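Right, one structure below, let's go through it.
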Amino acid sequence: MHNIKDIRKNIESFKKDISNRYVDFDSSNFLKLDEENRKLIQEKEKLENEKKTISKSKDEKLFAKSKEISKKIDDISKNQNNFKKKIDEILSSLPNIALEDVPIGKDETFNKEIKKSGSLPNFKFKPKSHFELGENLEMLDFDLATKTSGSRFVFVKGQLAHLERAISNFMIDIHTQKNQYKEISPPLIASSNSMYGTGQLPKFENDQFEINLDSDDRKFLIPTAEVILTNIVRDKILDEKTLPQRYVASTPCFRKEAGSYGKDTRGMIRQHQFYKVELVSIVHPDNRLEELERMTDCATGILDLLELPYRKIILSTGDMGFSAEKTYDIEVWLPSENNYREISSCSSCGSFQARRMKSRFKDKNNETQYVSTLNGSGLAVGRTLIAILENYQNEDGSIKIPNILKPYMNNIEKISKN
RNA sequence: GGAGAGAUGGCUGAGCGGUUGAAAGCACCGGUCUUGAAAACCGGCAAAGGGGCAACUCUUUCCUGGGUUCGAAUCCCAGUCUCUCCGCCA
């Protein structure tokens, strides 16, 4: 959410900034609504003041007039609320503005590679895809999932299920023990307030799994733990001393993936449900860029330990998420695709989410300001499993266990059939 | 599922129809004192929105939404959430 005062003041630059995000914004209409809204507010406040004066005077002769004024106020309020609603609708659908160093471009082709790390595996045979490997091992079962649940689900079985759990535990251990994140085991269902706070609502309702309850308030399966972890500070005025706050959680994530019907239909790249270890930082706005680098390092640190090759890219203005002002994607090497694939996405959201959530802190001058929020995957567990399968595969279809994971896997050397 | 109690500022907690945006305490900020710190004392300290270059000023807000009233934190209705007790259950 943007500050409407800032928009008003710098309408031209705002128009330009928002156009860099490739969304439509009718600025003249917006300004008109804003102007009308403020005009009505002024009318209303004048009447309210009058009414207040009468009530204070306790002059019975004026009581009738006060009643009349009340009616007028009601009318104006209704009208004004309509304008306010329209303004809020527009405002809440506008994405965050990108920082200056973010490459401008309409899609992922404008993303920029920042660094490459690790050496690509050199197979003496044709590497198989993760789903071939998994199915041959009889440890990934897509057909069974189709039977029990439908498309875009998977059964992970036996030692591969163990490996998935090991990955998750390993990541959490690193983030809590080395990276100073606090472990959280959160609810997997979020209220619409929370979904609004992080920016999933109102614009991306179609991507969410909504839970049907009898009550009026809507609930959603979390698409990422970011929703819950970030909303920890919703409606709060924090003590500056409590910053930064860092949270990590490993949770299932649920996504409808509406509009991705043709994409990644084979395998477990794109599922309705997957595990992800999520990092969230709540920080002083001055420290947010530093924190973004730190968070990204926390994510790549996991890949370093797993000895998986990856690259780091910065997303272009058109490819960034709704709430982000700057995003790094970490892409891991997938031999079967001969390409890199997203395994983590780390974003600074600046005050964008904080404004929606009303998350503030008192600074040294005793002024309240909005905190900055950051989130990143550290990492997507399902995709890490995929990356290990493919990068650590042997010619006979068995999978070597990365050294760092062995303690989490009863020190076995490899996973093979039976 | 049944029966009660409650929801007030960053926090604790008074107020229960008329300058109450809200006592008191804590926390926080500034000052005096001190070699420094602590203690003590003095002062400041809610948010959002509107108007104004600014000083400043106006409006709204005591869980949410309705209602009563000239006037509501205070009264009425509905809802949400929290706590206690009983029942049931991972």
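In what follows, chains carry the letters A, B, and so on, assigned in the order in which the sequence lines appear, proteins first and then strands, with residues in each chain numbered from 1. What you see is a predicted model, and the numbers here were worked out from it, not measured in a lab.
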Exercise. Could you give the distance separating B/C56 and B/U34 at their P atoms, to the nearest angstrom?
Key: 34 Å
Self-check item: Paired nucleotide for B/A38 [Watson-Crick or G-U wobble; both distances under 3.5 Å]
Solution: none
Quiz item: Do the side-chain N or O atoms of A/K241 get closer than 4.0 angstrom to the phosphate oxygens (OP1, OP2) of B/G10?
Solution: no
Quiz item: What integer distance in Å separates A/E35:CD from B/G51:C1'?
Solution: 14 Å
Quiz prompt | Over 12 foreign heavy atoms within 6.0 Å of CZ, A/F14 | solution = yes
Exercise. Identify whether the distance between the nearest side-chain nitrogen and carboxylate oxygen of A/K312 and A/E293 falls below 4.0 Å.
Key: yes
Exercise. Could you measure between the two P atoms, the one in B/G66 and the one in B/C28, and give it in whole Å?
Key: 39 Å
Exercise. Return the value, rounded to whole Å, for the distance between atom CD1 of A/I87 and atom P of B/G49.
Key: 13 Å
Practice problem: Could you work out the separation of B/A14 and B/C75 based on their P atoms and round it to a whole Å? | Solution: 16 Å
Quiz item: Counting side-chain heavy atoms from C-beta on, which of B/G18, B/G50, B/C58 comes nearest to A/R8?
Solution: B/G50
Exercise. Grab the two heavy atoms, one from A/P223 and one from A/Q200, that are nearest each other, plus how far apart they are.
Key: CG-CG, 3.9 Å
Quiz item: What integer distance in Å separates A/D235:CG from B/A47:P?
Solution: 15 Å
Quiz item: A/T368 near the nucleic acid: base, sugar-phosphate alone, or nothing, with a heavy-atom cut-off under 4.0 Å?
Solution: sugar-phosphate
Quiz item: What is the base-pairing partner of B/G43, counting Watson-Crick and G-U wobble geometry with both distances under 3.5 Å?
Solution: B/C29
Exercise. Take atom CZ of A/R38 and atom C1' of B/U60, then tell me their distance rounded to the nearest Å.
Key: 18 Å
Quiz item: The side chain of A/S55 lies closest to which of these nucleotides: B/A47, B/G71, B/G50?
Solution: B/G71
Quiz item: Does the distance from a Lys or Arg side-chain N to an Asp or Glu carboxylate O, for A/K157 and A/E138, drop under 4.0 Å?
Solution: no
Practice problem: Between B/G71, B/G50, B/A47, spot the one nearest the side chain of A/S70, thanks. | Solution: B/G71
Quiz item: Is the phosphate of B/C70, meaning OP1 or OP2, less than 4.0 Å from a side-chain N or O of A/K51?
Solution: no
Practice problem: Mind calculating the distance between NZ (A/K84) and P (B/U61) to the nearest angstrom? | Solution: 15 Å
Quiz item: So does A/N49 get a side-chain nitrogen or oxygen closer than 4.0 Å to the phosphate oxygens (OP1/OP2) of B/U59?
Solution: yes
Self-check item: Inter-nucleotide C1' distance (B/A47, B/A22), Å rounded
Solution: 14 Å
Self-check item: A/K67 NZ - B/G67 P separation (whole Å)
Solution: 14 Å
Exercise. Provide the Watson-Crick or G-U wobble partner of B/A78, both distances under 3.5 Å; none if there is no partner.
Key: B/U64
Practice problem: State whether a side-chain donor-acceptor pair under 3.5 Å links A/Q393 with A/E132. | Solution: no
Quiz item: Whole Å only: how far is the CD atom of A/E48 from the P atom of B/G71?
Solution: 12 Å
Quiz item: Want to settle it: does A/K58 or A/S66 sit nearer the 5' end of RNA chain B, counting the closest nucleotide to each?
Solution: A/K58
Quiz item: Taking for each residue the nucleotide of RNA chain B with the nearest heavy atom, is it A/I41 or A/I54 whose nucleotide lies nearer the 5' end?
Solution: A/I41
Exercise. Could you verify whether a donor N or O on one side chain and an acceptor N or O on the other, from A/S398 and A/N394, lie under 3.5 Å apart?
Key: yes
Practice problem: Return the orientation label for the A/F153 and A/H272 ring planes: parallel under 30°, perpendicular over 60°, tilted otherwise. | Solution: tilted
Quiz item: Taking the P atom of each, how far is B/G18 from B/A73, in whole Å?
Solution: 11 Å
Quiz item: Can you tell me the Watson-Crick or wobble partner of B/C16, both distances under 3.5 angstrom?
Solution: none
Quiz item: Should A/K52 be listed as having a side-chain N or O under 4.0 Å from OP1 or OP2 of B/C58?
Solution: no
Practice problem: Can you tell me, in whole Å, how much space there is between the P of B/C26 and that of B/C41? | Solution: 9 Å
Quiz item: In the strands shown, is B/A3 matched to any nucleotide by a Watson-Crick or G-U wobble pair with both distances under 3.5 Å, and which?
Solution: B/U84
Practice problem: Give A/K61 one of three labels, base, sugar-phosphate or nothing, depending on what nucleic acid heavy atoms sit under 4.0 Å from its own. | Solution: nothing
Practice problem: If B/A23 has a Watson-Crick or G-U wobble mate with both distances under 3.5 Å, name it; if not, just say none. | Solution: none
Practice problem: Can you tell me, in whole Å, how much space there is between the P of B/U12 and that of B/A5? | Solution: 22 Å
Quiz item: If you measure from CZ on A/R152 to CG on A/D264, what distance do you get to the nearest 0.5 Å?
Solution: 7.0 Å
Quiz item: What interatomic distance, in whole Å, is found between P of B/C83 and the corresponding atom of B/G67?
Solution: 32 Å
Quiz prompt | A/E45 CD to B/U60 P, straight-line distance once rounded to whole Å | solution = 8 Å
Quiz item: Do any side-chain nitrogens or oxygens of A/K56 fall under 4.0 Å of OP1 or OP2 in B/U19?
Solution: no
